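In this text the structure is predicted, and so the values were computed from the model without any measurement. Computed from heavy atoms alone, side chains included, the values below leave out hydrogens, waters and symmetry copies. Order of the sequence lines sets the chain letters (A, B, ...), proteins ahead of strands, with each chain counted from 1.
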Number of protein chains: 2
Amino acid sequence: MLPPHLVSPRTLQRLPLYVSYLHSLPKDALYISSTEIAAQLGLHPVQVRKDLAAVGAQGRPRLGFEVQTLLRLLTTYLNGGTQHSAVLVGMGHLGRALAAHLGFAHYGFTIQAVFDNDQNLVGSRLAGYEVQKMENLVPLCQTLKPAVGIITVPAEEAQGVCDLLVQAGVRVIWNFAPTHLAVPKDVTVQDEDIAASLALITKQILGQQPSLVPISRKEESVRDGIL
Amino acid sequence: MLPPHLVSPRTLQRLPLYVSYLHSLPKDALYISSTEIAAQLGLHPVQVRKDLAAVGAQGRPRLGFEVQTLLRLLTTYLNGGTQHSAVLVGMGHLGRALAAHLGFAHYGFTIQAVFDNDQNLVGSRLAGYEVQKMENLVPLCQTLKPAVGIITVPAEEAQGVCDLLVQAGVRVIWNFAPTHLAVPKDVTVQDEDIAASLALITKQILGQQPSLVPISRKEESVRDGIL
DNA sequence: GGAATAACGATATTTAATTATCGATATATT
DNA sequence: AATATATCGATAATTAAATATCGTTATTCC
């Protein structure tokens, strides 16, 4: 019943994809098969079954998986049943987009405070949050104890902001600045590197790279049937 | 001399990381070793050497790799020596952030046109681009023939925009909307899924997932020495 | 009610990616 | 000039991920 304690990172990253696909299903759909999910998402049916098994889902022969049960399993697994707290530093366009987006609490995150060093922004309300001045960052974080610090400042300022967050006790950093951050080894940084994605895109354009979802000999016939 | 024609996706995604790290080096640094790069970026030295070898770099025993040569090899490999064209649809906060960001042409991309369906935005200049109305999308794309279509509209509108881009002949889609897009099989979609990243972040918080950069038995001593 | 079948779940195989090992080399040091 | 050593580059071993295979099951159709 309980999902195994170690789900591979690759599987983990696909889980939200299933959630979004399940949401797109007509309301009266009771069951969905791994075959169908795979065909729609361009994945391999066996991979889908393994991914779903990882969160403890079980299907029925000939029918597939119960949609609502599956959704529940996935979402509770993904946010661990609890809401996580975060602070966001840098209320430029990217920061505002993220703040508004994550504001949709169904991602399991709650933004507790947002910061910026622009005096014109400090004190104003953006995306529903009152922008705090940078001087408040360390003291506020020390009391709020956010689980994550989100960095959406220019590359040049990112390391400084990171240091402040670390100093304030934040141990997980989500870095959107296009630069590498040095942190103590008990702190983890997850880089959201657009350059890495661009690299893939570029190779897609040049057609020199294999597709991200490589088509195997066996699957070809299946995929041909999609469209 | 010429880089091998197939660089693995994982390697490809790390290349920009090396670029950014090399840029952060002091100007008078002539050589850099894979050992040092690995230590700073939290990677394995062998992996770094293999990655660099993939773009044709060669180092010197005891010294490492010539910084400037390495940078040149990486950047020319990454953008294939040419500039790529793109159009961007959706000039909300995310769209503006991307437009401004990619405007820095050193990513090898040129944004040819930006679109939005908000009449208040159409005609205005944002991030240096004059916002076009949606009606212009298909005809403009047919003449401009952009290599990539970037989608930064709300999830509900993404499929419609995607269909228009496909109709206009765009064959590579970079999708920032949190939804899965259905496309003909000669079109590739790269999803920039924030939910997938969030999934990793959440597991980081819960401490249930292995680190993204797992620490091997052998490397532990090296990493301990970083800080 | 019985046969046909679509889909599951478990196991095995294959492929990709990472990490380890080690000889060769060129620089620095004595 | 000789020696010690840091680093490379190549190959081998390991680990992780994806895909294939196949027996089982429960539904549907006859």
Side-chain angles (χ1 to χ4, degrees), chain A residues 1 3-4 6-15 17 29-67 69-70 73 209-223 225, chain B residues 1 3-4 6-15 30-39 41-67 69-70 209-223 225:
Chain A
M1 180 65 207
L6 276 181
V7 174
S8 83
R10 304 292 269 287
T11 292
L12 192 50
Q13 294 193 74
R14 279 188 298 267
L15 298 184
L17 193 59
L30 284 180
Y31 290 92
I32 186 77
S33 71
S34 62
T35 318
E36 182 64 14
I37 298 176
Q40 292 303 320
L41 300 182
L43 301 173
H44 194 286
V46 175
Q47 186 170 56
V48 173
R49 281 203 292 278
K50 280 190 76 176
D51 286 346
L52 299 185
V55 298
Q58 42 194 29
R60 296 171 59 175
R62 194 88 197 227
L63 289 177
F65 297 82
E66 215 184 315
V67 176
T69 309
L70 195 49
L73 277 169
Q209 280 296 313
S211 157
L212 273 185
V213 183
I215 301 169
S216 74
R217 292 167 297 278
K218 271 293 174 56
E219 204 192 349
E220 223 150 355
S221 56
V222 174
R223 288 181 60 85
Chain B
M1 182 65 208
L6 275 180
V7 174
S8 82
R10 303 294 267 288
T11 292
L12 192 51
Q13 293 194 76
R14 279 189 297 267
L15 298 184
L30 284 179
Y31 290 92
I32 185 76
S33 71
S34 62
T35 320
E36 181 65 14
I37 297 177
L41 299 183
L43 301 174
H44 196 285
V46 175
Q47 187 170 57
V48 173
R49 282 204 290 279
K50 280 193 77 175
D51 285 347
L52 299 184
V55 297
Q58 42 195 30
R60 296 170 59 173
R62 194 87 195 228
L63 289 178
F65 297 81
E66 215 184 314
V67 177
T69 309
L70 195 50
Q209 279 296 313
S211 158
L212 272 186
V213 184
I215 300 169
S216 75
R217 293 166 297 278
K218 270 293 174 54
E219 205 193 349
E220 222 151 358
S221 56
V222 173
R223 288 181 58 89

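With values rounded to the nearest 0.5 angstrom, B/Phe65 atom CZ is found 13.5 Å from B/Glu36 atom CD. Distance check, rounded to the nearest 0.5 Å: CD1 of B/Ile37 to CD of B/Gln47 gives 12.0 Å.
Remark: P of D/dA6 and CD1 of B/Ile37 are 18 Å apart, rounded to the nearest angstrom. Note: CD1 (A/Ile32) to C1' (C/dA7) measures 12 Å, nearest angstrom. Across the protein-nucleic acid pair, A/Phe65 atom CZ and C/dA7 atom P stand 11 Å apart, rounded to whole Å. Note: CG (A/Leu12) to P (D/dA16) measures 16 Å, nearest angstrom. The interatomic distance linking A/Asp51 (CG) with C/dC8 (C1') rounds to 15 Å, in whole Å. Counting to the nearest Å, the P atom of C/dA20 and the NZ atom of B/Lys50 are 13 Å from each other. Here C/dT19 presents its P atom at 9 Å from CG of B/Leu43, a figure rounded to the nearest Å. Spacing between atom CD of A/Glu66 and atom C1' of C/dC8 amounts to 15 Å, rounded to whole angstrom units.
The side chain of A/Leu63 sits closest to D/dT27 out of D/dA17, D/dT27, C/dA28. In this structure, the nucleotide among C/dT19, C/dA7, D/dT7 sitting nearest to the side chain of B/Ser33 is D/dT7. Distance from the side chain of A/Gln47 is smallest to D/dA18 among D/dA26, D/dA18, D/dG9. The B/Thr35 side chain lies nearest to D/dC8 when the options are D/dC8, C/dT25, C/dT19. Residue B/Val46 has its side chain nearest to C/dA20 when only D/dA18, C/dA20, D/dA17 are considered. Taking every side-chain heavy atom of B/Arg49 into account, D/dG9 is the closest of D/dT19, D/dT7, D/dG9.
The shortest side-chain heavy-atom distance between A/Leu15 and A/Leu12 falls under the 4.5 Å cut-off. Side-chain contact between A/Leu41 and A/Val48: absent, with no pair of heavy atoms (C-beta onward) separated by less than 4.5 Å.
B/Ser34 comes within 4.0 angstrom of the backbone, heavy atoms only, and of no base.
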Is there any protein nitrogen or oxygen under 3.5 Å from a nitrogen or oxygen in nucleotides 2-5 of chain D, and what are the pairs?
| from | atom 1 | to | atom 2 | distance (Å) |
| --- | --- | --- | --- | --- |
| D/dT5 | O2 | B/Arg62 | NH1 | 2.7 |

Would you mind writing out the side-chain donor-acceptor pairs for residues 55-63 of chain A within the sub-3.5 Å range, not counting sequence neighbours?
| from | atom 1 | to | atom 2 | distance (Å) |
| --- | --- | --- | --- | --- |
| A/Arg60 | NH1 | A/Tyr31 | OH | 2.7 |

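Smallest separation of non-hydrogen atoms from A/Ser34 and A/Arg49: OG-NH1, 3.0 Å.
Looking at which nucleotide of DNA chain D each of B/Gly59 and A/Arg60 is closest to, the 5′-most match is held by B/Gly59. Comparing A/Gln58 and A/Arg10 by the nucleotide of DNA chain C whose heavy atom lies nearest to each, the residue mapping closer to the 5' end is A/Gln58.
Judged as a salt bridge (Lys or Arg N to Asp or Glu O under 4.0 Å), and not counting sequence neighbours, the contacts of A/Arg14 are A/Asp51.
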